[in-house]
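Predicted model only: the values in this text are computed from it and were never measured. In what follows, chains are A, B, ... by sequence order, proteins preceding strands, each numbered from 1.
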There are 2 protein chains.
Amino acid sequence: MAVRNVGIRDVAEMAGVSVTTVSHVLNDTPQMRVAADTRARVREAAKTLGYGPNRMAQALRTNRSGLIGLLSEEIATTPHAGRIILGAQNAAREHDLTLVIVNTERESGDSHRDDVQALIDRQVEAVLYATMYHRQVSLPPNLQGLPAVLIDSTDKAGIVPAVVPDEVGGAIAAVTHLVEAGHRRIGFLNNDDDVPATHERLVGYKEVLRLYDIPIDEQLIVQAPSETLPGYEIARELLARHDRPTALFCYNDRMAMGAYRAANELGLDIPHDLSIVGFDNQELIAANLFPGLTTVALPHYEMGAWAVDTLVHLLHGEDEYKLLADTPTRLDCPLVIRGSVGTPRDN
Amino acid sequence: MAVRNVGIRDVAEMAGVSVTTVSHVLNDTPQMRVAADTRARVREAAKTLGYGPNRMAQALRTNRSGLIGLLSEEIATTPHAGRIILGAQNAAREHDLTLVIVNTERESGDSHRDDVQALIDRQVEAVLYATMYHRQVSLPPNLQGLPAVLIDSTDKAGIVPAVVPDEVGGAIAAVTHLVEAGHRRIGFLNNDDDVPATHERLVGYKEVLRLYDIPIDEQLIVQAPSETLPGYEIARELLARHDRPTALFCYNDRMAMGAYRAANELGLDIPHDLSIVGFDNQELIAANLFPGLTTVALPHYEMGAWAVDTLVHLLHGEDEYKLLADTPTRLDCPLVIRGSVGTPRDN
DNA sequence: CTGTTAGCGCCTTCAG
DNA sequence: CTGAAGGCGCTAACAG
């Protein structure tokens with residue numbers, strides 16, 4: 001069963017037709033209309049013989065390898081990459097394409113060039129480029145000429161379609177959730193890197209407050225590196241204030257984890273005395289904290305799938321898809337509700 | 001640069017030789033000895049033209065696709081899969097092989113069959129099968145005939161080479177670390193599933209105690225599902241005893257996370273009042289707890305690489321490698337030291 | 001509607 | 001030591 005020794009010729013012979021006809025039937029070539037019974041005979045012969053086309057021969061002949069490359073950062077460190085891969089994988093299978101994945105270093109001079117070259121050498125028809133956090137990148141020069149789509153990043157030159165998370169929307173969902181639970185003093189533990197997420201989540205935060213006529217207190221907006229320890233430190237400061245916030249919106253789940261520790265040390269019960277919302281939905285953290293962390297999920301799976309779908313359109317020469325390069329597509333960041341948000345005690 | 005339009009013929013022409021010679025030079029065919037200067041001319045021509053062989057044509061001709069399939073569980077949920085992928089990827093590149101990755105459901109009747117078939121349809125030469133926790137599996141029937149290697153699991157039938165973590169060794173490293181820090185009352189928060197890791201880590205635990213003439217107190221060995229919450233619960237019970245252990249060896253990092261919470265609630269300082277060692281080295285947890293969790297790393301990267309290397313040998317028909325199927329190869333689980341182990345306070 | 005035929009780019013006997 | 005020629009399995013003109 002494993003060794004594919006049956007060829008199109010065998011099918012032709014068994015069905016009593018020529019290989020051409022078999023080819024036409026099996027690929028149902030548009031203009032070539034084949035008699036219904038012939039077609040049935042061919043189909044049956046193929047099935048009983050367990051025929052499957054030899055992709056290599058097909059590829060050679062049609063000059064389409066059926067391979068698309070996925071260049072991804074940090075495959076080994078975050079489950080985010082896994083989600084992108086899975087989304088891309090499933091979409092690829094849908095289109096009968098095969099995904100070839102290559103890990104790439106985040107910042108390393110020409111190594112991207114080499115990784116792209118490895119993919120080109122393997123005859124990929126197109127490439128996906130995935131970063132692990134939302135940012136701008138410049139593409140390796142040898143990618144010129146191959147259709148490409150960016151995942152979780154945008155192209156400096158603006159010539160390649162890109163898909164990114166809707167950071168503003170995610171922040172809006174998070175803060176709205178807090179406001180609707182009754183909170184009015186909401187702290188924001190923001191990242192301090194100059195990346196889109198930092199700015200856009202802040203925009204979302206402010207937008208919600210504005211919408212609900214809650215004055216923006218700049219004192220409640222603090223920044224630090226987006227890690228657990230700095231998150232802990234700034235959370236502690238914020239919560240030590242006499243007019244401490246009743247809720248915290250955290251740039252990511254790691255900072256939220258730090259906030260949990262701060263709350264704990266200060267004897268504040270979550271969600272009773274303090275509500276917390278994170279960002280990223282890192283299951284390993286969010287689901288294992290006490291109580292479970294309500295957080296915003298990043299659409300990694302969806303971005304992977306979107307990217308492949310777009311690539312397919314590009315491959316089909318539907319040029320209108322190139323226009324997508326102008327403005328990145330933004331995908332929804334849904335709120336994942338666990339147990340870290342409650343009604344403010346005193347209000 | 002991206003479109004590969006230069007063929008072997010162009011190289012031949014430029015070098016003033018026949019395609020045969022070019023082929024011989026570029027593949028340095030064993031018996032075909034080519035004059036040194038001819039060879040140089042060919043090499044140079046190939047380089048200046050930017051020639052690279054068309055893998056599809058090569059594959060068709062040699063009947064070797066250069067593709068190997070990696071069937072992996074839970075690509076999207078744990079970084080473990082990412083590590084395996086990376087290890088396999090790098091090894092594959094070393095051997096000029098291309099990895100095709102397919103996600104597969106853990107338990108789902110015939111879906112494995114279909115996933116394997118998808119790989120076969122893509123003409124993979126061999127397949128790797130990776131599970132996300134160490135256990136026994138039975139292979140899909142259509143895998144028969146293809147070389148295969150198991151990662152993190154063993155074959156019920158015992159006909160396929162397999163590589164697994166050295167659980168006993170990992171446990172020994174962990175508990176030894178604790179004993180050498182001065183601990184003699186060491187609790188073991190074990191998993192309660194009937195999987196190899198449960199039994200083997202216990203073996204390692206007991207072995208170390210025996211080695212150091214520390215009596216085994218069965219009361220200190222407790223079991224629960226290997227999640228944070230159950231870990232918390234049994235840790236709490238254990239730590240509430242008047243003769244509580246001074247150290248805890250936890251089946252995995254999630255249980256250790258639960259133990260941290262228990263310690264915290266009981267006012268026990270880590271590592272001052274209580275030392276903890278985990279297992280898995282889930283960075284997201286281990287590196288983000290306070291203090292950082294000392295834990296045992298699983299050799300996922302190494303298993304991925306080992307599997308590909310073994311596959312290559314199998315592919316080369318080195319039958320002695322088939323013998324590997326008899327006993328799974330065990331790879332080292334190194335201890336990763338962070339900050340959760342200290343000297344016992346009272347002793 | 002169906003069949004014949006010519007390659008896709010490469011490797012590989014077999015002759016020189 | 002080098003070259004000519006056949007064919008891997010399939011698709012796509014082009015004929016019938």
Open item on the list: How many whole angstroms separate atom OH of A:Tyr51 from atom C1' of D:dT11?
Closed with: 10 Å
Task: Selection residues 51-65 of chain A - residue pairs positive for salt bridge (Lys or Arg N to Asp or Glu O under 4.0 Å), sequence neighbours left out - done: A:Arg55-A:Asp96, A:Arg64-A:Glu125
- [ ] List for me each residue that meets side-chain contact (heavy atoms from CB on, under 4.5 Å) alongside B:Val124, sequence neighbours excluded, and say none if there are none.
- [x] B:Leu67, B:Leu119, B:Val127, B:Leu146
Task: B:Arg55 CZ to C:dG9 C1', straight-line distance once rounded to whole Å - done: 14 Å
Task: Value in whole Å for how far the P atom of C:dT12 lies from CG of B:Leu26 - done: 13 Å
Open item on the list: Between A:Asp121 and A:Gln117, is there a side-chain donor-acceptor contact under 3.5 Å, judged purely by atom types and distance?
Closed with: yes
Open item on the list: Distance check needed: C:dC1 C1' versus A:Arg41 CZ, whole Å only.
Closed with: 12 Å
TODO: Please state how far atom CD in B:Gln123 lies from atom C1' in D:dG9, giving the value in whole angstrom units.
DONE: 10 Å
Task: Any residue meeting side-chain contact (heavy atoms from CB on, under 4.5 Å) with B:Ala57, in chain and number order, not counting sequence neighbours - done: A:Leu60, B:Asn54
Task: Those residues of residues 92-100 of chain A lying under 4.0 Å from DNA chain C by at least one heavy atom - done: none
Which atom pairs, donor and acceptor, lie under 3.5 Å between side-chain atoms of residues 11-19 of chain B and protein residues at least two apart or in another chain?
unit_1: B:Ser18; atom_1: OG; unit_2: B:Thr20; atom_2: N; d: 3.3
unit_1: B:Ser18; atom_1: OG; unit_2: B:Thr21; atom_2: N; d: 3.4
unit_1: B:Ser18; atom_1: OG; unit_2: B:Thr21; atom_2: OG1; d: 3.4

TODO: Could you pull out all residues at least two apart from B:Asn63 that satisfy side chain to side chain donor-acceptor pair (under 3.5 Å)?
DONE: none
TODO: Give a yes/no on whether any side-chain N or O of B:Ser23 is located under 4.0 angstrom from OP1 or OP2 of C:dT12.
DONE: no
Open item on the list: Expressed as a whole number of angstroms, how long is the span from B:Ile8:CD1 to C:dG7:P?
Closed with: 19 Å
Task: Partner residues of A:Thr154 under the side-chain contact (heavy atoms from CB on, under 4.5 Å) criterion, sequence neighbours left out - done: A:Gln136, A:Ala162, A:Val164, A:Pro328
Task: Sub-4.0 Å heavy-atom contacts from residues 56-69 of chain A onto DNA chain D, ordered by number - done: A:Ala57, A:Gln58, A:Arg61, A:Thr62
TODO: Using heavy atoms and a sub-4.0 Å distance, could you list which residues of residues 12-21 of chain B are near DNA chain D? By number, please.
DONE: B:Val17, B:Ser18, B:Thr20, B:Thr21
Task: Between C:dG9 (P) and A:Asn54 (CG): distance, integer Å - done: 17 Å
TODO: Consider the side chain of B:His24, meaning its heavy atoms from C-beta on, and name the nucleotide among D:dT11, D:dA12, C:dT12 that approaches it most closely.
DONE: C:dT12
Task: Inter- and intrachain pairs under ring-ring contact (aromatic ring centres under 6.0 Å, His included), touching residues 75-103 of chain A, at least two apart - done: A:His80-A:His300
Task: 4.5 Å side-chain heavy-atom contact, B:Val42 and B:Arg39 - done: no
Task: Pairing residues for A:Arg330 by the salt bridge (charged side-chain N to carboxylate O under 4.0 Å, His left out) criterion, not counting sequence neighbours - done: A:Glu200
Task: For B:Thr131, all residues meeting side-chain contact (heavy atoms from CB on, under 4.5 Å), sequence neighbours excluded - done: B:Glu73, B:Tyr129, B:Arg135, B:Val137, B:Asp152, B:Ser153
